[in-house]
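Just so it is clear: chains get the letters A, B, ... in the order the sequence lines come, proteins before strands, and each one is counted from 1.
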Number of protein chains: 2
Amino acid sequence: MLWNPDDLKSFLDRHTKDENAKIVVITSGGTAVPLEKNCVRYIENFSNGTRGAISAEKFLENGYLVIFFHRANSLQPYSHRFPDLFNHLKPAGENKFTVSDYPHLGEMIERKHKYADRILLLPFNSFDDYKNDLEYICHACAGYKKRLCVYLAAAVSDFYIDAERLPEHKIQSADGGLNLKLTIAPKVLRRIVKDFVPEAFVVSFKLETDPSVLVEKSKKAIKEYGHQIVIANMLKTRKRRVTFIRANEDPFPIDLDSPEFAEKADVEIEELIIERLKKLHSNYCHV
Amino acid sequence: MLWNPDDLKSFLDRHTKDENAKIVVITSGGTAVPLEKNCVRYIENFSNGTRGAISAEKFLENGYLVIFFHRANSLQPYSHRFPDLFNHLKPAGENKFTVSDYPHLGEMIERKHKYADRILLLPFNSFDDYKNDLEYICHACAGYKKRLCVYLAAAVSDFYIDAERLPEHKIQSADGGLNLKLTIAPKVLRRIVKDFVPEAFVVSFKLETDPSVLVEKSKKAIKEYGHQIVIANMLKTRKRRVTFIRANEDPFPIDLDSPEFAEKADVEIEELIIERLKKLHSNYCHV
């Protein structure tokens, strides 16, 4: 665990008064699976954490408390909009700086301060930490019951190597090649839904590169884990198109390239995702 | 290739006048080995690129022209000293900002501008790009002959998967596990030294986690590839201690925890590495 459990406790304690508050646990960024105990090499899942970071902003702006459980050094709400900030600064005397090309910087800094009390940032690196910490966080939030949303945007490894089978030191390359035996990683989603927060509103993502398996695999996940929503997306079009998959409902696409959004060039797909989730979550709470 | 070869050409053309100029090609950050063609997963070598980024500054400040060949989004000279800059800024009216806790920010921005014309930043992501681009860059710089230093600070994968054996789509996890067959990656260092820039002053790094193999493996590398220097270091102490390994010379350690440096709390080990390399490179040019 890379963070102090007291921080989580005091965040939750601070916000207990509002009995109608909704809270979301967002996972963001990719997990790392170490190939050695003293880790030089690891298997990475691709994710900068853009979706998670933007989603956190939208949840905040829609009234949610946010626990942002993210890969250390992945993108964070608001700041991710200003990469390479150092190269945009110009000294302007007396410890003052001007900024070129980032007209919304001041506004976003203010927004960050506005919501600072309503978001808690907790980092992870390895798959093991991801799994254990997420269970811990969900358990700690279980009192929110149906008002808890778990929004699993992180890219989590499907495979890993058991800790006891990891070599102690850097793998040596002398012997002509390397055979890695990976086993299927335990399904975090299953335990979250069945054991930890069975009442929560759980949203998972399914990312594929082969369109022919996407919807089918998403439906299978809903059936298997029994959670509320899979948001299905393709690696190459994930910023323009997603499809909501729910049990007993037709797939519901959001497509920024459809005529509906022709006038809205600036809209981010996460804004539409969270607007829709907010409604569905609200309905879910009142059933 | 993630960059335009014309940028390299015009950088080199711009600096041809100085017949005594030394140039260094620095590699920095880790390589990625994709496990799929449409890449969701890959094997990563650990490296933020701190050593490469600081080394680039020190080479610049020691009069070198610098080609900084780095993993995209890894740390860069000067800016790496100010992580999380967004959270240090405060709006101060009229597109001005003040900065907390970063007293050297203005100075480093000025230093960046001072050397901007003498450094070229070229990015890579995959092992394949690393290998091919580095050969291209070395070839383009070959005219510097002995005045070319190649400083291989990147963490390069020892293993990879041949492109023709990569699966087209994201590996599916249905079948109970995953066997990855990795082959030893072609030794970029060998080709650099033997084929591309046999006259250059070539410095490689050897990072290990097991101290018992470090010096022996470094000596073996010198013998095998015939280059000038291996800088040997351990993963855990790499910011405090390195050892220069050369053919027919005793190992030469630099240890920031030795009494010699007791008074210099702020010194960065890269400053001492580059000071020493500058001398050795100068001797090498005059042999």
Side-chain angles (χ1 to χ4, degrees), chain A residues 32 35-46 48 73 76 78-87 89-92 94-99 103 105-106 108-110 112 155 157-159 168-173 176-185 207-210 213 235-236, chain B residues 32 35-46 48 73 76 78-79 81-87 89-92 94-99 103 105-106 108-110 112 155 157-159 168-173 176-185 207-210 213 217 235-236:
Chain A
L35 302 180
E36 298 126 338
K37 274 182 190 150
N38 291 297
C39 192
V40 175
R41 284 178 279 227
Y42 44 91
I43 296 186
E44 268 295 349
N45 271 44
F46 164 78
N48 289 326
N73 300 318
Q76 301 201 358
Y78 303 115
S79 65
H80 73 95
R81 298 180 181 276
F82 309 98
D84 195 24
L85 197 46
F86 179 85
N87 289 320
L89 291 183
K90 284 183 187 146
E94 295 176 40
N95 190 33
K96 283 201 173 65
F97 298 84
T98 56
V99 175
L105 178 61
M108 289 296 159
I109 291 174
E110 276 160 17
K112 186 202 77 168
S157 182
D158 296 320
F159 302 102
E168 186 75 20
H169 289 296
K170 189 177 166 188
I171 302 163
Q172 299 300 331
S173 57
L178 178 65
N179 285 318
L180 288 179
K181 267 187 185 291
L182 304 174
T183 49
I184 293 187
L207 178 75
E208 294 289 341
T209 64
D210 180 356
V213 301
L235 184 61
K236 282 185 181 153
Chain B
L35 302 181
E36 298 128 338
K37 273 184 189 147
N38 291 296
C39 192
V40 175
R41 284 178 277 229
Y42 44 91
I43 296 185
E44 269 294 348
N45 271 44
F46 165 79
N48 289 326
N73 299 319
Q76 301 201 356
Y78 303 115
S79 66
R81 297 179 182 278
F82 309 98
D84 195 25
L85 197 45
F86 179 84
N87 289 319
L89 291 183
K90 284 183 189 146
E94 293 176 41
N95 191 32
K96 284 201 171 67
F97 296 85
T98 56
V99 175
L105 178 61
M108 289 298 158
I109 292 174
E110 276 159 16
K112 186 202 76 169
S157 183
D158 295 319
F159 302 102
E168 186 74 21
H169 289 296
K170 188 178 167 189
I171 302 165
Q172 298 302 328
S173 57
L178 178 66
N179 285 317
L180 289 178
K181 267 187 186 292
L182 303 174
T183 49
I184 293 186
L207 178 74
E208 294 289 341
T209 64
D210 180 356
V213 301
K217 289 197 66 172
L235 184 61
K236 282 187 181 152

Residue, of B:Asn73, B:Asn95, B:Thr98, that accumulates the most heavy atom pairs under 4.5 Å with chain A |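 Sorted descending by pairs with chain A, the first entry is B:Asn95.
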Mind checking whether B:Tyr42 and A:Asn45 have side chains closer than 4.5 Å, heavy atoms only?
->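 No. Closest side-chain heavy atoms not under 4.5 Å.
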Which value, rounded to the nearest 0.5 Å, describes the distance between A:Lys96 atom NZ and B:Glu94 atom CD?
-> 10.0 Å
Between chain B and each of A:Ser157, A:Gly106, A:Ala32, A:Ala185, count heavy-atom pairs under 4.5 Å; write down the option with the most.
->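 That would be A:Gly106.
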Working for side chain to side chain contact (heavy atoms under 4.5 Å, CB included), residues B:Leu89 and A:Leu85 | CA-CA 10 Å; B:Leu89 291 183; A:Leu85 197 46; 3.7 Å; yes
Which residues share a side-chain contact (heavy atoms from CB on, under 4.5 Å) with A:Pro91, sequence neighbours left out = A:Phe97, B:Ile109, B:Glu110
Which residues pass the side-chain hydrogen bond (donor to acceptor under 3.5 Å, both in side chains) test with A:Asn87, sequence neighbours left out?
->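 Once residues adjacent in sequence are excluded, the partners of A:Asn87 under the side-chain hydrogen bond (donor to acceptor under 3.5 Å, both in side chains) criterion are A:Asp84, B:Lys112.
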